[in-house]
Amino acid sequence: MKKDTLLVHRGRKPDENFGIVNPPVYHASTVTFPTLAAYEAKPKRPFDGVQYGRTGTPTTFALEDAVNALYGGHDTVAVSSGLAAISISMMAFLQAGDHALVADNVYGPTRQRTCDTLLKRSGVDVTYFDPLKPITEHLKPETKVVYIESPGSLTFEIIDVAAVAAEAKAAGALVLMDNTWATPFLFRPLDHGVDIVIEAATKYIGGHSDVMLGVITVSTEEQFQRVKYTANAMGNCPGPDDCYLGLRGLRTLSVRLERHQKNAIKVATWLQGRPEVSRVLYPALKDDPGHALWKRDFSGASGLFGVILNEVSKDAMALMLDGLELFAMGASWGGYESLIIPIELAKIRTTTEWSAAGPGLRLHIGLEDPDDLMEDLEKGFARLTAA
Ligand SMILES: Cc1ncc(COP(=O)(O)O)c(C=O)c1O
């Protein structure tokens, strides 16, 4: 089945549910068994079936089934947030004495909280690599995980995923990728040599800024058992309402992404022509350094991109941002609404130098009319230059 059809049909079984279109929301901790034999019976496969709330209910399994079908994975584990998906995957495949090689452009908390705190505290050596260069010189016999994000959610470089995956594989390392920007709708990492895909379903899968959710899709049974065991051992389980909302968001992922892309390209192209803007970081634009790779690998772009302004004072920037009417300031993205935040790119890297004319902004272009969004920004630029 094509991906639009999978989006509509996977993760629901009306024939087992009175013909009702969507799966029920099971609120459950305790699951009871009618006999001692049933209580003591071990499932053929660990974690299969409905055992206890923490290991999942039919609502969880419905979301996992749909996401897994979209990614073309072996199986999928839903967890309580994107960052939980990142930390659980890393902890599942790394232990003391191992080395993890991580792209220098990853999401900030992946670096600060998962890698530099949890992993280092567990005795894992972590080094960062330039996402635009081959990883050969950084691979060690102890390298068990190569972790990437493409495009990086702040600087938007596109990684040659297949090339990195081939090098990692030859060195015996697993490749983990955060695919939150693209979702399975625009890029399927497992088809390009990635072993484990992570997505913050909080963003585009949820799509309405009202859910915290993460998904981990693996390519083998052994990987599934490790990830599921680690999530369970850490007591991580997503709430049933959040799984339901994730699944509900998934149904419209395709049409929303199409509009996010259309609007974002219009706003990004307009921004390129503004005198206040030094550079737009968005691989969907023809002159972006990542455009050729993006075109080769991705079937579209989402609505998140960066902008580097010419040098301006912090006060001027505050005047611009504080007065915006349609763009709200807030972390996260992937909802139906537009967002803008300042980003300090130079501070978030250790391996690659980042030099830019002025401060950075990250924009999420929502589903509003892009003409209204440009008008909002234009008035913001007027406040910026008047300051
Ligand atoms: C690229 C990326 N990955 C992961 C996450 C973490 O997701 P969550 O906020 O659901 O923990 C975020 C959140 O902003 C993100 O931008």
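Counting starts at 1 for both ligands and their atoms, following the listed order.
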| message | Quick test of your reading of the model: are D75 and K228 salt-bridged, counting only N-O distances below 4.0 Å? | response | no

| N or O pair under 3.5 Å between G82 and ligand 1 | yes

| task | Please confirm whether T202 comes within less than 3.5 Å of ligand 1 when only nitrogen or oxygen atoms on both sides are compared. | result | yes

| field | Under-4.0 Å heavy-atom contact with ligand 1, by part of D178 that carries it | value | side chain

| said: Applying a heavy-atom cut-off of 4.0 Å, say which part of W181 lies close to ligand 1: side chain, backbone, both or neither. | reply: neither

| query | With R251, which of R256, H9, R12 fulfils side-chain contact (heavy atoms from CB on, under 4.5 Å)? | reply | R12

| query | For ligand 1, which atoms have a heavy atom of M212 less than 4.0 angstrom away? | reply | 8 (P), 9 (O), 10 (O)

| said: If hydrophobic clusters are built by linking Ile, Leu, Val, Met, Phe, Trp and Tyr wherever their side-chain heavy atoms come under 4.5 Å apart, do Y107 and I196 end up in the same one? | reply: yes

| said: Is V106 close enough to touch ligand 1? Criterion: a residue heavy atom under 4.0 Å from a ligand atom. | reply: no

| remark: The protein heavy atom nearest to atom 5 (C) of ligand 1 is Y107 CE2, 3.3 Å

| said: Is it the case that ligand 1 has an N or O less than 3.5 angstrom from some N or O of E149? | reply: no

| said: Please list, in number order, the atoms of ligand 1 under 4.0 Å from a heavy atom of T180. | reply: 3 (N)

| message | Could you walk me through whether S313 and D315 satisfy the side chain to side chain donor-acceptor pair (under 3.5 Å) test, starting with their C-alpha distance in whole Å, then the side-chain angles of each, then the deciding distance to 0.1 Å, before giving a yes or no? | response | CA-CA 5 Å; S313 72; D315 289 348; 5.3 Å; no

| task | Record the part of T110 in heavy-atom contact with ligand 1 below 4.0 Å; permitted values are side chain, backbone, both and neither. | result | neither

| Looking only at heavy atoms, is any part of S153 under 4.0 Å from ligand 1, and if so is it the side chain, the backbone, or both, or is it neither? | side chain

| Quick one: which ligand 1 atoms are inside 4.0 Å of a heavy atom on L83? | 6 (C), 7 (O), 8 (P), 11 (O)

| remark: From the list F305, Y336, Y204, F327, ring-ring contact (aromatic ring centres under 6.0 Å, His included) with H364 holds only for Y204

| task | Compare all side-chain heavy atoms of M90 with those of V145 and state whether any distance is below 4.5 angstrom. | result | yes

| field | Close side-chain approach of Y147 to V106, heavy-atom, < 4.5 Å | value | yes

| task | Please state whether K203 comes within less than 4.0 angstrom of ligand 1, counting heavy atoms only. | result | yes

| query | Under 3.5 Å, is there a donor-acceptor pair between the K3 and S299 side chains? | reply | yes

| Which residue owns the protein heavy atom closest to atom 16 (O) of ligand 1, what's the atom, and how far is it? | W333 NE1, 3.1 Å

| query | Which of the atoms of ligand 1 are close to I86, meaning less than 4.0 Å from one of its heavy atoms? | reply | 4 (C)

| query | With only distance considered, is A84 within less than 3.5 Å of ligand 1 through an N or O on each side? | reply | no

| request: Just say parallel, tilted or perpendicular for the rings of W181 and F298, cut-offs at 30° and 60°. | output: perpendicular

| said: Check for me, please, whether L174 and V164 land in the same ILVMFWY cluster - side-chain distances under 4.5 Å, paths through other members count. | reply: no

